[in-house]
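A short write-up of the structure that comes next.
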Amino acid sequence: MAAAGSDRGAVTAAPLPASFYDRDTELVARELLGAVLECITEDGAVASGRIVETEAYLGSHDAACHAVVGRTERTWHLHGPAGIAYVYLIYGAHWCFNAVTGPEGQGSAVLVRAIEPLAGLHLMRERRPSARRDRDLGNGPGKLCAALGVDGRLDGVPLQRPPLLVRAGDAVPDERVVVTPRIGITRAADLPLRYFVEDSEFVSKTPKGFARISYRRPSAAR
DNA sequence: CATTTGATGTTCT
DNA sequence: GAACATCAAATGC
């Protein structure tokens, strides 16, 4: 059960602290590119991937964010402290994973939209039998959850220890970060809040007609 | 390769 | 009853 020949190697960096997420949500979304998301299921099986695509959801003032409905049963953990998971079901069929950001009660989060599989490839292929190629294992928010074994049981759990871990990975330079509007939403659909690694083959498809802009680091002025 | 279409069932109105 | 942070299969080049 150990030999997974095509795994790209284990990442053992320390998990990102909760303080990493307790910052501006757009910045967290950009900084999460390159980090490694790891899920350990009850049977001890490990699956992980490098985050290559994210979206920022900016709390109750963002019409596209689930926090607009307030603190309901579904959105309870979205309003929780920075550094926990918000996992919800969409279209009655697919789980989506978010990292909660910002101060408690704000309802901001970063949706992870795509991963590059790193460890546990064999598991992921089992969990996603419809994926013809490895690039299809995690190139979508529902796909990556299925591949990693993320589901509603992980809603609200911290991201610093099993069963969920987010670790620092190889940094992605600004020059390779592209920004577009968010995918699949109707409200606030023009805001540029989707971030991805430009040359990664593991990113989900950008819809036709979407404006692509180069990432510009916010000025450090204060 | 690109684009279209149907399935899915929970959540909120 | 409508909307939905999606996916996979089918169809057209």
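Sequence lines set the chain letters: A, B, ... in the order given, protein chains first and strands last, and positions in each chain run from 1.
- Two residues are said to be in side-chain contact when any heavy atoms from C-beta on lie closer than 4.5 Å; A:L137 and A:F202 fail this criterion.
- Atom CZ of A:R132 sits in a sparse spot, with 12 or fewer heavy atoms from other residues, nucleotides or ligands closer than 6.0 Å.
- Between A:R125 and A:D134 there is a side-chain heavy-atom pair separated by less than 4.5 Å.
- Judged as a side chain to side chain donor-acceptor pair (under 3.5 Å), the pairs with a partner in residues 179-197 of chain A (not counting sequence neighbours) are, in order, A:E53-A:R194, A:D62-A:R182, A:T180-A:R194, A:R194-A:T206.
- Sequence neighbours left out, the pairs with a member in residues 139-151 of chain A that pass side chain to side chain donor-acceptor pair (under 3.5 Å) are A:D136-A:N139, A:N139-A:K143, A:D151-A:R153.
- A heavy atom lying under 4.0 Å from DNA chain C marks the following residues of residues 49-74 of chain A, by number: A:Y57, A:A64, A:H66.
- Listed by first then second residue, pairs satisfying side chain to side chain donor-acceptor pair (under 3.5 Å) with a partner in residues 78-90 of chain A read A:H66-A:Y86, not counting sequence neighbours.
- With a 4.5 Å cut-off on side-chain heavy atoms, A:I183 and A:P207 count as touching.
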Go ahead and write out DNA chain C as dot-bracket, 5' to 3': ( ) for pairs within the strand, [ ] for ones crossing earlier pairs, | when the partner sits on another strand, dots for unpaired; Watson-Crick or G-U wobble, both distances under 3.5 Å.
-> ||||.|||||||.

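- Taking every heavy atom of both residues into account, A:L16 and A:A35 meet most closely at CD1-CB, 4.3 Å.
- Going from atom OH of A:Y88 over to atom C1' of C:dC4 covers 9 Å, rounded to whole Å.
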Only distances under 3.5 Å count here; give the side-chain donor-acceptor pairs of residues 99-106 of chain A to other protein atoms, sequence neighbours excluded, each with its distance to 0.1 Å.
residue : atom : partner : partner atom : Å
A:T101  : OG1  : A:T25   : OG1          : 2.7
A:T101  : OG1  : A:S108  : O            : 3.4
A:Q106  : NE2  : A:S108  : OG           : 2.8

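- Here the side chains of A:I84 and A:L159 are not in contact, with every heavy-atom distance at 4.5 Å or above.
- Using a 4.5 Å heavy-atom cutoff, the side chains of A:I115 and A:V52 are not in contact.
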Take A:R113 and A:E55 through the salt bridge (charged side-chain N to carboxylate O under 4.0 Å, His left out) test and state the conclusion after the steps.
-> CA-CA 7 Å; A:R113 285 197 55 90; A:E55 281 178 357; 3.8 Å; yes

Quick one, give me the B/S/- string for nucleotides 7-13 of chain C, reading 5' to 3', where B means a protein heavy atom under 4.0 Å from the base and S means that only happens at the primed atoms, P, OP1 or OP2.
-> SS-----

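- Partners of A:R23 by salt bridge (Lys or Arg N to Asp or Glu O under 4.0 Å), not counting sequence neighbours: none found.
- Chain A approaches DNA chain B over the interval B:dT3 to B:dC12, counting the first and last nucleotide 5' to 3' with an atom under 4.0 Å from its heavy atoms.
- Both cation-pi conditions hold for A:R30 and A:Y215: the charged atom is under 6.0 angstrom from the six-membered ring centre and inside a 45 degree cone around its axis.
- Using a cutoff of 4.0 Å between basic side-chain nitrogens and carboxylate oxygens, A:R216 and A:D174 are not scored as salt-bridged.
- A heavy atom lying under 4.0 Å from DNA chain C marks the following residues of residues 97-111 of chain A, by number: A:N98, A:L111.
- Residues from residues 25-33 of chain A with heavy atoms under 4.0 angstrom of DNA chain C: there are none.
- Using a 4.5 Å cut-off between side-chain heavy atoms of Ile, Leu, Val, Met, Phe, Trp and Tyr, A:V46 falls into a hydrophobic cluster with A:I40, A:L165.
- The one candidate from A:V87, A:V150, A:N98 that meets the side chain to side chain contact (heavy atoms under 4.5 Å, CB included) condition with A:D155 is A:V87.
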